[in-house]
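These notes concern the structure reproduced below.
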Amino acid sequence: MELKRVFILYSERSGSNLLRVLLGNHPNLSAPVSPQFFDSFTPHIEKFGDLRKRENSITLISKLSTYANHPFSNWNLKTSAEDIYSEFTPQNFIESVDALYATKAREENKGGYVCKERHLFNYSGLVMAGLSDINWVFLYRDPRDVVSSWLKNNMLYFTAYEAAQSWKEDQKKCLALHHAYNLSYHELSYEELITDTEQTLAPLLTYLDLNVNEQCFQNEQNNEEANRNVLWKNLNKPIDSSNKKNYVDILSQKQLSIVESVCKQQMKALGYQLETEGQWSPAIGEHNYNYFNKVKELLTQKIRSNKETSDLLQDRQNLKHKLIKSL
């Protein structure tokens, strides 16, 4: 049976891990935590040399496997790099990533895999050039709740403006892939997913040419992934259909206006109604620029607020540097 590949386009804090976990409950799909192969290794890929050469390809597979087995993603791959190469003979980076995901699926006795690598919209050309028969899925969420989630969790984005800008740019890329580059995908919203999980996932499974399986409609209550990242804490809880419009209690009126002003074009395209005039615009000048670019100054807050998760991520970052430095 031909390997089924499911690639999810999304912005962070949009429910992508929930969708991944639900799809992974299907008996034919492996859906491991994404090691973030693309963001982590493509900037350094030239250091591996010509990947059409066996020794270089095996070196890459070995390092990708080590990275995937880090406790944060915890793939627990058993197959050696040499055996993976012998089976798949990858000739480039994307074929190597595909071989790792395919190996993980086989070790789980699954016939396909779900890939939700971060920023996949930036790598869609690379993916399509190296692989065929890809099933693309576009998941999106109300930007007001996405921004609220970032501000509430005190991680990565610390202003409504920055978080909104990030959401806007991600949606622009995903929508452009569909409208300008004719990429076919199945789209669904986070709100639909949590409000009527069965009626939302059944069409997706049909699109994927998989039998509709009721195991996909609920979380496992003992999901150990929830303990690895503070942002994944809901993965071992029942799906909360009320987890929407949280921005009503979190965003100030000014923040709401900022988000809707920044994101209004994409919000309208995705069917979200504005609650303000959407006419806010930032003042021009260095002071404004500095105000809206506080991330570097405030990274220490992330460490203080979420030490366990940050330590695990830092350890994985150290592993990546060690793997690259050894080339």
Side-chain angles (χ1 to χ4, degrees), residues 1-10 15-38 61 64-65 68 73-79 83-121 123-139 174 177-178 181-188 192-193 197-220 223 225:
M1 183 175 68
E2 189 171 352
L3 181 71
K4 187 170 294 295
R5 304 176 177 93
V6 182
F7 282 65
I8 302 176
L9 302 165
Y10 68 97
S16 58
N17 274 303
L18 172 62
L19 178 59
R20 172 184 62 81
V21 168
L22 294 177
L23 288 175
N25 290 338
H26 196 282
N28 289 337
L29 287 178
S30 167
V33 172
S34 298
Q36 313 307 347
F37 289 137
F38 290 89
I61 293 169
L64 293 178
S65 181
S73 42
N74 197 32
W75 279 26
N76 197 28
L77 288 171
K78 304 293 195 304
T79 310
D83 288 343
I84 293 174
Y85 177 83
S86 296
E87 180 175 357
F88 296 97
T89 59
Q91 302 293 295
N92 53 50
F93 174 76
I94 183 56
E95 289 181 1
S96 299
V97 170
D98 181 58
L100 267 290
Y101 272 95
T103 299
K104 175 64 173 171
R106 187 192 60 216
E107 290 188 0
E108 294 181 359
N109 296 314
K110 303 289 187 77
Y113 68 77
V114 177
C115 173
K116 59 143 295 227
E117 294 272 321
R118 190 169 53 229
H119 303 136
L120 265 177
F121 40 74
Y123 304 104
S124 57
L126 176 66
V127 171
M128 290 186 289
L131 302 175
S132 59
D133 299 321
I134 302 167
N135 299 277
W136 293 94
V137 179
F138 173 35
L139 173 69
C174 292
L177 286 175
H178 183 57
Y181 297 100
N182 201 31
L183 178 70
S184 176
Y185 55 54
H186 181 92
E187 63 178 72
L188 67 155
E192 294 169 334
L193 182 62
T197 306
E198 181 173 351
Q199 291 301 313
T200 302
L201 279 184
L204 173 56
L205 294 172
T206 299
Y207 166 78
L208 298 175
D209 197 24
L210 294 170
N211 63 298
V212 177
N213 190 298
E214 63 181 17
Q215 295 180 66
C216 296
F217 304 149
Q218 56 188 352
N219 269 343
E220 296 180 12
N223 190 319
E225 294 175 14

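Residues take their numbers from the sequence shown, with the count starting at 1.
Using modelled atom types and a 3.5 Å distance limit, the side chains of Ser34 and Arg20 yield no donor-acceptor pair.
Between Gly130 and Ile94 the shortest heavy-atom distance is CA-CG2, 3.6 Å. A pairwise comparison of heavy atoms in His26 and Lys110 identifies O-NZ, 3.3 Å as the closest pair. Here the shortest heavy-atom pairing between Leu3 and Gly112 reads CD1-CA, 3.8 Å. The nearest pair of heavy atoms linking Ser65 to Leu77 is OG-CD1, 3.7 Å.
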Evaluate Val127 against Phe7 for side-chain contact (heavy atoms from CB on, under 4.5 Å), listing each step before the verdict. CA-CA 10 Å; Val127 171; Phe7 282 65; 3.9 Å; yes
Report the C-alpha separation of Trp136 and Ile8 in whole Å, then their side-chain angles, then the decisive distance to 0.1 Å, and conclude whether the side-chain contact (heavy atoms from CB on, under 4.5 Å) test is met. CA-CA 6 Å; Trp136 293 94; Ile8 302 176; over 6 Å; no
Could you walk me through whether Val33 and Asn17 pass the side-chain contact (heavy atoms from CB on, under 4.5 Å) check? CA-CA 8 Å; Val33 172; Asn17 274 303; 5.6 Å; no
Trace of the side-chain contact (heavy atoms from CB on, under 4.5 Å) decision for Leu64 with Ser96: CA-CA 8 Å; Leu64 293 178; Ser96 299; 4.1 Å; yes
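The CG atom of Leu126 lies 10.0 Å from the CG atom of Leu120; values are rounded to the nearest 0.5 Å. Going from atom OG of Ser16 over to atom CG of Leu139 covers 6.5 Å, rounded to the nearest 0.5 Å. Separation of atoms CD (Gln218) and OG1 (Thr197) is listed at 9.5 Å; rounding is to 0.5 Å. Considering CG of Asp83 and CZ of Phe88, their distance stands at 11.0 Å, rounded to 0.5 Å. Interatomic distance, OG of Ser184 versus CD1 of Ile134, reported as 12.0 Å (0.5 Å rounding). Atom CZ in Phe138 sits 9.5 Å away from atom CG in Leu177 (nearest 0.5 Å).
When ring centroids are compared, His178 and Tyr185 come within the 6.0 Å threshold. Here Phe93 and Phe38 bring their ring centres to under 6.0 angstrom of each other.
Side-chain contact between Tyr181 and Met128 is absent, with no heavy-atom pair separated by less than 4.5 Å. Side-chain contact between Asn213 and Asn28 is absent, with no heavy-atom pair separated by less than 4.5 Å. Residues Lys4 and Asp209 have side chains in contact (heavy-atom distance under 4.5 Å, counting atoms from C-beta outward).
For the pair Asn25 (side chain) and Gln215 (backbone), a donor-acceptor distance under 3.5 Å is present. Without hydrogens or angle criteria, Glu107 side chain to Thr79 main chain gives a donor-acceptor distance under 3.5 Å. Judged by distance alone, with hydrogens and angles left aside, the side-chain atoms of Ser73 form a donor-acceptor pair with the main-chain N or O of Ala68 at under 3.5 Å.
The environment of CG in Asn211 is crowded: more than 12 heavy-atom neighbours from other residues, nucleotides or ligands sit within 6.0 Å.
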Acceptor/donor pairs from residues 98-105 side chains to any protein atom, 3.5 angstrom cut, sequence neighbours excluded:
| residue | atom | partner | partner atom | Å |
| --- | --- | --- | --- | --- |
| Asp98 | OD1 | Arg5 | NE | 2.8 |
| Asp98 | OD1 | Tyr113 | OH | 2.5 |
| Asp98 | OD2 | Arg5 | NH2 | 3.1 |
| Tyr101 | OH | Glu117 | OE2 | 2.9 |
| Thr103 | OG1 | Ala99 | O | 2.7 |
| Lys104 | NZ | Trp75 | O | 2.7 |
| Lys104 | NZ | Glu108 | OE2 | 3.2 |

Indicate every side-chain donor-acceptor pair of residues 199-206 with a distance under 3.5 Å to a residue at least two apart or in another chain.
| residue | atom | partner | partner atom | Å |
| --- | --- | --- | --- | --- |
| Thr200 | OG1 | Glu192 | O | 2.9 |
| Thr200 | OG1 | Asp196 | O | 2.8 |
| Thr206 | OG1 | Ala202 | O | 3.0 |

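Each of Leu23, Asn135, Leu208 was compared with Val114 under the side-chain contact (heavy atoms from CB on, under 4.5 Å) criterion, and only Leu23 meets it.
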